[in-house]
Amino acid sequence: MKTKNIKYVVAAILMGLGLSSCDDFLDRPVEDNYNTENYYQSDAACVSGVNYLYNSPWYDFQRGFVKMGEVLSGNMYMGGSPYLNFSVNGSDIDLINMSYSLWSVIGHCSTVYESLKGASASEAIKNQCEGECLAWKAMAYFFLVRSFGDVPIIHSNSKTLAAGNYNTLPKVQKADVYDYIVMTLEKALELLPKTKSTTGRIDYYCAEGLLAKVYLAKAGVSGTLNKDDLAKAAAYAKDVINNSGRSLLGVYSDIFRGSNNVSDESLFAWRWTVGAQWTSQNTLQSDLAPQGFDENGDCWGGWGGPSLDLIEAYGISPKDDPTKRIDKDARRQATVMLAGDVYSYFWRDQDLGNGKKGLDYLKFWYDKTYNSAATGQCQAPCGGTNVKNLYGNNADHLAETGIAAGRMANALATHILRLSDVYLILAEAHTLMDGGTTTNADALAAFNAVHQRAVPTDVEKTSLTFDDVWKERRLEFAGEGDRWYDFVRRSYYDVNACIAEIKAQKRNALFNCDVVYKRYFESGVWSHDENEGEMQYDEETPIPNVTEHSFQLPFPTEDVALNPNLGSNVEAVHVDVRSTYSY
């Protein structure tokens, strides 16, 4: 934690809410600057004063969380990345930015929460806004504890500043941090309305869904599974499913379109905008899409992409003849672009030459008459390109969101807790409570709903194993920055299984896919010869050295220098959360 930045975070807020307010998300805030003594003077001011917590403080975490969630986990290949070979250290810039961003979120949430106490607004709106602050604070701590393990607890910025001990704060044992997250969410539930938001704001059931996920992770933190925690995870998840008024979207790929930024499926999301100020926008397309994917000259992610291990997890291979490939799982094409794929929701203004419009994956690389920016070379290192977190071109962005995209700026929401996650939390909690296999009716219904949306040809399961849910989670959430945290959660009580799975993954490149793709595009004939190095998996790069210590990242080096209590050789302290803190 960059503890010297606590002062900066608080000072920034005290200087004026206009510094961080977001111009187009939810309600439009006024443009004048206010200080905290006179800003929260109405219901509208309270609502607009909380808006920016849905985007700007998260920006630097957003730009790195895919590397942590997807590259570390083996879902994504990114050559040379320390997240690929488990060599991340405290000087890694992405680690530093992600850490600082999370502490910034906590600082902003705490300060706005305290400021709202004196607001001249209706009790209902004050409660709602305070609940949103606490829900986002809990989410930030949930990312922190799963990323770094034992971390300090900063309950109140103002009290920490008054005490002057921000550079000597101790690490708190992660079990206690989980208790703190639970306590924070419980207070949020007291404050948040149960009425479903139509604008994407966090309501009671959104926070309850997060609480279910927290309990699922907390259940194993002692090293053995706590059945009481698992039962609470299941109970909270079931309540969301039964009583929130939400349902799964019918078409999986629709979840990730801008027109569904706000939907039943989206419980927590970073809600971005374009044109307000830097950090209020989504930049992931620039980091994940290949060169020329939009008109703004801001895409450079083509040399990374979904791993061979992930692609094969969908039951197919880049080596398959596209005309004979059988895609049973609708999530594959919504997650990974491969040879033969055509997308109607990308490049919807681009003529395919057959009376249709859209993005043709091979034409994108090789046809200059179709794509003037075609590189003539498929960059995808494992034969596939990312799909999630991409909005497409300017016509797609305008059609989906109603506003124009900008350079490194789009308004596609980033969903970080979805309703299907809550369904699978219910299923997993029951498999673990029942010793690895369950026939619980609620668990089966939840699992089957998620699975059959993607694979409607499969028969419903009448018995469910932990491995079923474990794989389903990977296929459902691949590309969404969550898979590494599944490994962390499981490592608490079954670290050897996590190590074995990661070491068995195909995490390396698939050589010379471009040769095969280009030949197929030009001749219409699909063929590849591994003896000639075509589509040959890299067996030479060694298996990463994964150990039981790999599931906790180091603190940024500068943080440890500023606060020696964060050092890896310093024991974390136990804190009785309920008697120490209160809201």
Side-chain angles (χ1 to χ4, degrees), residues 73 75 142 146 205-206 208-220 225-244 246-250 252 255 264-268 313-315 328-331 335 415-478 480 482-494 497-498 501:
S73 69
N75 274 355
F142 193 37
R146 292 177 297 164
Y205 292 105
C206 300
E208 188 178 35
L210 178 58
L211 185 56
K213 190 164 185 172
V214 169
Y215 266 113
L216 185 64
K218 179 178 179 288
L225 286 166
N226 182 310
K227 288 198 173 184
D228 288 341
D229 285 344
L230 292 173
K232 288 178 180 176
Y236 285 123
K238 183 177 179 180
D239 190 49
V240 174
I241 293 167
N242 289 348
N243 298 314
S244 68
R246 289 174 164 84
S247 58
L248 300 177
L249 292 188
Y252 181 78
I255 300 166
D264 279 4
E265 190 96 7
S266 182
L267 303 183
F268 275 72
Y314 287 103
K328 289 182 59 180
D329 195 320
R331 293 172 295 200
T335 308
H415 308 295
I416 51 176
L417 180 64
R418 294 200 283 109
L419 184 61
S420 61
D421 199 343
V422 178
Y423 279 58
L424 294 181
I425 288 165
L426 177 61
E428 183 174 340
H430 277 290
T431 65
L432 293 174
M433 281 192 288
D434 294 347
T437 302
T438 189
T439 56
N440 177 274
D442 292 329
L444 289 167
F447 179 91
N448 286 325
V450 173
H451 183 75
Q452 291 198 303
R453 172 174 66 176
V455 195
T457 57
D458 279 2
V459 298
E460 289 191 355
K461 283 189 172 292
T462 56
S463 178
L464 191 63
T465 69
F466 172 82
D467 288 341
D468 292 331
V469 183
W470 180 252
K471 181 178 181 180
E472 194 72 15
R473 287 192 61 84
R474 185 185 194 187
L475 303 182
E476 177 73 12
F477 305 115
E480 299 179 50
D482 194 58
R483 186 59 172 176
W484 176 246
Y485 297 112
D486 281 346
F487 276 113
V488 171
R489 167 169 52 78
R490 188 176 181 183
S491 75
Y492 291 158
Y493 64 90
D494 193 7
C498 297
E501 180 171 335

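Owing to the predicted nature of the structure, the values given are computational and were not obtained by experimental measurement.
The closest donor-acceptor contact from the side chain of Asn448 to the backbone of Leu444 lies under 3.5 Å. A donor-acceptor pair is defined here as one N or O able to donate and one able to accept, closer than 3.5 Å; no such pair exists between the side chain of Thr438 and the backbone of Asp434. Of the possible donor and acceptor atoms, none in the side chain of Asn440 sits under 3.5 Å from a partner among the backbone N and O of His430. At distances below 3.5 Å, at least one donor-acceptor pair connects side-chain atoms of Tyr314 with backbone N or O atoms of Leu475.
Using a 4.0 Å cut-off between charged nitrogen and carboxylate oxygen, Lys232 and Glu208 do not count as a salt-bridge pair. Salt-bridge formation is not detected for the pair Arg489/Asp494: no Lys NZ or Arg NE/NH1/NH2 atom is positioned less than 4.0 Å from an Asp or Glu carboxylate oxygen. Under 4.0 Å is where a charged nitrogen must lie from a carboxylate oxygen, and between Arg246 and Glu265 no such pair does. Salt bridge status for Glu428 with Arg490: absent, with no side-chain N to carboxylate O gap under 4.0 Å.
By the 30° and 60° cut-offs, the orientation of the rings of Trp470 relative to Phe466 is parallel.
Counting all heavy atoms, side chain and backbone alike, Ile425 lies closest to Ala237 at CG2-CB, 4.3 Å. The two residues Ala427 and Leu464 come nearest to each other via the heavy atoms CB-CD2, 3.8 Å. Between Gly220 and Tyr492, the closest heavy-atom pair is O-CB, 3.0 Å. Contact record, Phe268 with Cys206: CE1-O, 3.2 Å, taken as the closest heavy-atom pair. Across all their heavy atoms, Ala313 and Arg474 have their closest contact at CB-NH1, 4.0 Å.
With a 4.5 Å cut-off on side-chain heavy atoms, Tyr205 and Leu267 do not count as touching.
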Checklist entry - Going through the distances and angles, do Asp458 and His451 end up as a side chain to side chain donor-acceptor pair (under 3.5 Å)? => result CA-CA 8 Å; Asp458 279 2; His451 183 75; 2.7 Å; yes

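Not counting sequence neighbours, the partners of Arg483 by the side chain to side chain donor-acceptor pair (under 3.5 Å) test are Asp486.
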